[in-house]
Protein chains: 2
Amino acid sequence: MFKKVLVVEDLDSIGYGISIMLKQELGVQEVVLSQYCGDAYLKYIKSVHDQTPYDLLITDLSFNEDHRIEKIANGKQFINKIRGLGYRTPIIVFSVEEKPTAVKKMVQTHDISGYVVKSRNGLRYLREAVESIYEGDKYLSPQVSNINTKKELFEIEDYDVMLLSHLSNGLTQEEIARIFNQSDISPCSLSSIEKRINRLKDELKAKNTIQLVANAKDLGLI
Amino acid sequence: MFKKVLVVEDLDSIGYGISIMLKQELGVQEVVLSQYCGDAYLKYIKSVHDQTPYDLLITDLSFNEDHRIEKIANGKQFINKIRGLGYRTPIIVFSVEEKPTAVKKMVQTHDISGYVVKSRNGLRYLREAVESIYEGDKYLSPQVSNINTKKELFEIEDYDVMLLSHLSNGLTQEEIARIFNQSDISPCSLSSIEKRINRLKDELKAKNTIQLVANAKDLGLI
DNA sequence: GTTACCCTTACGGGAAACCGTAATCAGAAG
DNA sequence: CTTCTGATTACGGTTTCCCGTAAGGGTAAC
């Protein structure tokens with residue numbers, strides 16, 4: 001079994017549960033708990049320099065803000081930093097996030113070994129994930145195990161997300177057109193923006209722009 | 001210390017942590033864990049009938065949906081049922097919800113003994129809450145301890161919430177006026193609805209209705 | 001009864017969104 | 001080079017939203 005595991009999770013109630021499960025049920029010798037991404041990053045770097053690296057990272061994605069000023073605000077940025085430096089320590093994401101698009105993006109682009117959705121049996125699946133990954137396999141908890149088979153209902157590009165978030169910030173379509181023009185983002189004409197908004201309204205089954213933005217928020221696109 | 005505690009929490013990772021804390025750190029003899037509100041309700045009722053009632057309830061508010069069909073969908077309904085039957089067992093709410101209006105409503109209308117926000121030190125505060133309540137006090141975790149002192153910045157009434165949710169469902173202002181007319185909800189004229197939306201835009205610092213609905217969603221009003 | 005006040009309703013002009021059509025442009029195919 | 005195609009842009013008319021002003025309708029104080 002893994003000897004040294006770093007758990008990055010802001011909620012102590014969860015971190016405590018994970019930690020005990022790892023030690024008592026899986027026999028992990030050393031479990032280090034970190035409640036801040038920045039702190040976790042420092043701990044990770046230090047362990048590498050001390051020649052006592054972690055065998056496994058388990059991390060949440062979303063972290064509450066705090067009095068502390070954090071350069072690394074969430075699990076995604078944390079993983080980016082680690083992978084950006086070339087370290088290939090296996091990583092398990094343990095998060096409530098289960099939207100297929102978001103999960104797929106995480107798994108594909110960051111070399112994630114396992115993705116476990118926090119749920120009624122999340123801790124059990126996390127245990128299975130650790131065991132599988134120790135055997136060299138990858139692991140996805142049941143809620144997201146189908147992300148690769150079922151094709152996307154529709155493609156939302158970065159452009160669309162920018163558009164939606166500008167709308168949700170109260171910008172008028174004309175203002176957005178102006179911004180896209182200045183930023184050399186194409187298409188940038190008012191007409192094209194209208195058309196794109198219409199397509200999004202189709203895809204997200206919205207009758208008007210208000211509902212469009214509301215639905216986009218519900219889906220977590222913005 | 002309390003002898004018999006019922007913990008109602010859907011996420012096993014959290015329930016596990018709470019359970020161990022209660023037993024090992026506080027010496028609670030019997031901790032029963034339930035992952036469904038309906039199940040928790042049955043357990044509670046049974047314990048009363050068996051003359052072995054619980055001394056304390058600790059419950060989450062939001063519960064993920066599942067394959068199971070649940071009549072009691074969330075912690076609020078669960079508490080309502082218990083209090084509705086006249087039982088006065090002390091209750092601690094343990095939730096991520098920390099919006100003052102929501103918390104205030106819960107605490108005031110349901111005779112809640114303690115409210116603890118899930119956070120970095122949530123489990124520690126939960127422990128403090130249990131200890132305080134055992135001594136006969138009430139307890140609010142630091143994030144919400146000020147709900148009674150600081151007055152509301154603005155009052156959002158049910159009317160406003162209905163308005164906002166109709167907007168987010170893509171209804172036009174005219175349609176909303178028609179609905180309010182048919183439902184005998186006053187004010188119901190297009191003009192008044194416009195005025196009310198304007199007031200909300202002021203209060204939620206929105207430049208237009210799109211941003212208004214987006215902000216309302218962010219605040220959890222709808 | 002009169003007045004003052006607040007809330008609701010009514011109306012009208014201007015801005016933004018909505019929607020269809022047509023012109024323009026760029027790249028691929030022939 | 002020409003043609004075809006798809007994407008982008010341009011424009012005009014209609015609807016909805018936006019915002020100010022003003023009229024109506026209760027209630028309370030005088």
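Within every chain, numbering begins at 1; the chains are lettered A, B, ... in the order of the sequence lines, protein sequences first and strands thereafter.
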Rounded off to whole Å, could you give me the [atom1]-to-[atom2] distance for the [X] and [N] pair?
X        : N      : atom1 : atom2 : result
A:Asn208 : C:dA17 : CG    : P     : 12 Å
A:Ile197 : C:dC19 : CD1   : C1'   : 13 Å
B:Tyr159 : C:dC7  : OH    : C1'   : 12 Å
B:Glu194 : C:dC11 : CD    : P     : 13 Å
B:Asn181 : C:dT8  : CG    : P     : 14 Å
B:Arg196 : C:dC6  : CZ    : C1'   : 13 Å
B:Gln173 : C:dA15 : CD    : C1'   : 14 Å
B:Lys207 : C:dA17 : NZ    : P     : 12 Å

Could you pick out which residue, B:Ser191 or A:Ile210, lies toward the 5' side of DNA chain C when each is mapped onto its nearest nucleotide? B:Ser191
Along DNA chain D, first and last positions that approach a heavy atom of chain A under 4.0 Å: D:dT8 to D:dA10
So B:Tyr115 and B:Ser95, do their side chains get closer than 4.5 Å, heavy atoms only? yes
N-O pairing of A:Asp12 and B:Lys118 below 4.0 Å: no
Between A:Lys76 and A:Asp60, is the closest basic N to carboxylate O distance under 4.0 Å? no
Would you call the rings of B:Phe180 and B:Tyr159 parallel, tilted or perpendicular, where under 30° means parallel and over 60° means perpendicular? tilted
Respond yes when some side-chain nitrogen or oxygen of A:Asn198 is under 4.0 Å from OP1 or OP2 of C:dC19, and no when none is. yes
If you compare every side-chain N and O of A:Thr172 against the phosphate oxygens of C:dA17 (OP1, OP2), does one of them come in below 4.0 Å? yes
Does a donor on one side chain and an acceptor on the other come within less than 3.5 Å for B:Thr172 and B:Glu174? no
Do A:Tyr134 and A:Asp55 meet the criterion of a side-chain donor-acceptor pair at a distance under 3.5 Å? no
Could you give me the CA-CA distance, side-chain angles and deciding distance for A:Leu61 and A:Met106, then say whether side chain to side chain contact (heavy atoms under 4.5 Å, CB included) is met? CA-CA 10 Å; A:Leu61 289 182; A:Met106 279 301 301; 4.0 Å; yes
Report which part of the nucleic acid B:Lys201 touches: base, sugar-phosphate, or nothing (heavy-atom distance under 4.0 Å, all strands). sugar-phosphate
